[in-house]
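Data first, discussion second: the structure below is written as structure tokens.
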Amino acid sequence: MAFNLQASIEIAGVDAVMIVFDAKVDKQINQQVHLLREAIIQAQPVWLSDVVAAYHTLMVVYDIQRTTFEHVQHWLKAQLIELQQRQVTPKVAGIHEYFVCYEPEFALDIERVCHCTGLSAEEVSQRHSAETYHVYTIGFAPGFAYLGDVPNALQVARLDTPRTKVPAGSVAIANQQTAIYPRTSPGGWNIIGRVAGWTDRSGLKLQAGDQVRFTSVSKQRFLEIEANSQSNHIEERHDD
Amino acid sequence: MTNTKSYPALRIEQPGLLTTLQDWGRFGHLSQGITRGGPIDERAFLWANKLLGNAASAAQLEITLGGLSVTALSTSYWVVCGAPVKLTKNQQPIATWEVFRVNAGDQVRIDAPERGLRSYLAVAGGFFATPTFGSVATVMRDGLGGLRGNGKPLQSGDELDAGYYELTQPVPYRRPQHDLIPRISSTTELRIPIIPMAQYAQFELQAQQSLVKQSLQVTAKQDRMGVRLQGNQPIAWTRPQIISEPLPLGAIQIPPDGQPIVMLNDCQTLGGYPKIGVVSWSGRMALAQATAGTALRFEITSLEQAQAEIKQAYRFFNLNL
């Protein structure tokens, strides 16, 4: 993939800059964001405090005792030019596979989703688990990964009134995105299943730019996995 | 934290409305959605550690609106900085912003502040707990940090240890020069320096003017995540919704009702509202103690100025992180 997108570098905070790409929720643009993030982390300038990627933006927090906004801006511009010249392709990201039980006991909003999409419960789980999802970004809460894209036929708006308590490990959809609720928390997305063997810290293994796949399992299999309480979580990070 | 020597410091008898363990914060994990936490009034926190000769980032208790009572478990030196509160040791009033000695069994109580919101209780050596993601800072919404690492505030009966310290370090009755203690007033209009950023230029001229040309009020809708403000002229965003972006500390978000929200230490790492500016360090420190009804006015400053003020503070407090 050629790195040929325009980006601007702006003040984001007293000690932060924002690199802003084309304002779209788009996998290619998002991959550019993650390429730049990787390059910054690899280079590890002494003034780097933190770096966080969203959809089309990347925020870099710097140590103002060690550098200036102008220097960071120049340095980032040089990184962008270098990435463009090197014709970098995205690295094979981490792949995460989860076993999901889509049965009604866990699919709290399945009726609503079927009603809005005209699909049967069976079709919902088939379509949802047929895709390989891209982790656009992580935010909202620790380990809450925004995954996309949900196929058109399965896109449903958020709930009008958010739930006060969504169980940890719930698999949910909202418009073009899907996610796993990392911890029990309030939430307004449509719940269509539950990951087997999910723990409070499972979400923290996900990184922006990774890939996620879901495999449908029966309730019996779900319970077996939960009982074994061993990780069903296959990680293939090529950079570790 | 390699120093494993510690001593029993205190037991919480009454935690008050909200008492949390805070060190300087949790850094380098924004990309996992983990926010920084840490003291909301960084200046009061840094003063408390400085007065005791602690490391600048040593953990303290952040007490919101007083009501804390504790029992000392060892002889040590303590200090309380932040909002002006009635502080007592065994029912005898003692000074805040001044190092005092405690013996095992002493009862120390912090009443509700006359003005301001937050107090910091620091002990020689700093409180000691097992860090999660490199910090003991309590972030309730993330379920991280605190005494048990699960983000829970402190409760009656909790006992906290503190790190080992050199006996010669703390100096009793040590206090800042009088004019260096920040004044907190709820009656004078605060001047809050801000830097325009993010979507500022995409707001219409009228909205840009509403940002700085009106008096805004601090509302009761505030916590460690952010402070909602209220003004007569809402700041209108007339463009389509924006795509969620990383949310910097101090960002001024403009939700659909046009009433600004200033983001504080526990803010979520991404935000979907347009941002019109970011509050400077001294501005954030003023907001850290601003009770509901306090009037404020934003005034635009330069990035150079905003950075100079932090650098000066960090030099003064010897903060090298």
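Note on naming: letters A, B, ... go to the chains in the order of the sequence lines (proteins, then strands), and numbering restarts at 1 for each one. Hydrogens, waters and symmetry mates are skipped; everything else that's a heavy atom, side chains included, is used. Everything numeric in this text was worked out from a predicted model, so none of it was measured.
- Interface summary for chain B: among A:F140, A:Y146, A:F144, the most heavy-atom pairs under 4.5 angstrom belong to A:F140.
- Of the atoms belonging to B:A306, heavy atoms from both backbone and side chain fall under 4.5 Å from chain A.
- When all heavy atoms are compared, the tightest approach of A:V14 to B:V279 is CG2-O, 4.0 Å.
- For NE2 of A:H71, the number of neighbouring non-hydrogen atoms (other residues, nucleotides, ligands) closer than 6.0 Å is greater than 12.
- B:Q305 CD: 12 or fewer foreign heavy atoms inside a 6.0 Å radius.
- When the candidates B:C267, B:S280, B:S31 are compared by the number of heavy-atom contacts under 4.5 Å with chain A, B:S31 comes out ahead.
- Counting heavy atoms from C-beta on, the side chains of B:E245 and A:M59 never come closer than 4.5 Å.
- Using a 4.5 Å cut-off between heavy atoms, A:V61 contacts chain B through its side chain alone, with no backbone atom that close.
- Not one N or O on the side chain of B:Q307 forms a donor-acceptor pair closer than 3.5 Å with the backbone of A:D15.
- For chain A, the nearby parts of B:I243 are the backbone and the side chain; heavy atoms of each come within less than 4.5 Å.
- If you measure heavy-atom distances from B:L247 to chain A, the contacts under 4.5 Å come from the backbone alone.
- Under the 3.5 Å distance criterion, the side-chain polar atoms of A:Q65 are matched with a main-chain donor or acceptor of B:L319.
- Proximity to chain A is limited to the side chain of B:F133, based on heavy atoms less than 4.5 angstrom apart.
- Side-chain contact between A:S49 and B:F27 is absent, with no heavy-atom pair separated by less than 4.5 Å.
- When each of A:T57, A:D200, A:I64 is checked for heavy-atom pairs under 4.5 Å with chain B, A:I64 comes out on top.
- Neither the backbone nor the side chain of A:S185 comes within less than 4.5 Å of any heavy atom of chain B.
- The number of heavy atoms from other shown groups lying within 6.0 Å of CD (B:E204) does not exceed 12.
- Crowding of B:K311 atom NZ: a count of heavy atoms from other residues, nucleotides or ligands under 6.0 Å exceeding 12.
- In A:R112, the CZ atom is crowded: over 12 heavy atoms of neighbouring residues, nucleotides or ligands sit closer than 6.0 Å.
- By the 6.0 Å contact criterion, CD on B:Q209 is enclosed, its count of non-hydrogen atoms from other residues, nucleotides or ligands being greater than 12.
- Of the inter-residue distances, the one linking A:F69 atom CZ with B:L303 atom CG reads 7.0 Å to the nearest 0.5 angstrom.
- In terms of heavy-atom pairs under 4.5 angstrom with chain A, the leader among B:G277, B:P246, B:G271, B:P196 is B:P246.
- Atom-to-atom distance recorded for B:Q32:CD and A:R201:CZ is 10.0 Å, nearest 0.5 angstrom.
- For the residue pair A:P142 and B:D142, the shortest heavy atom distance occurs at CD-OD1, 3.2 Å.
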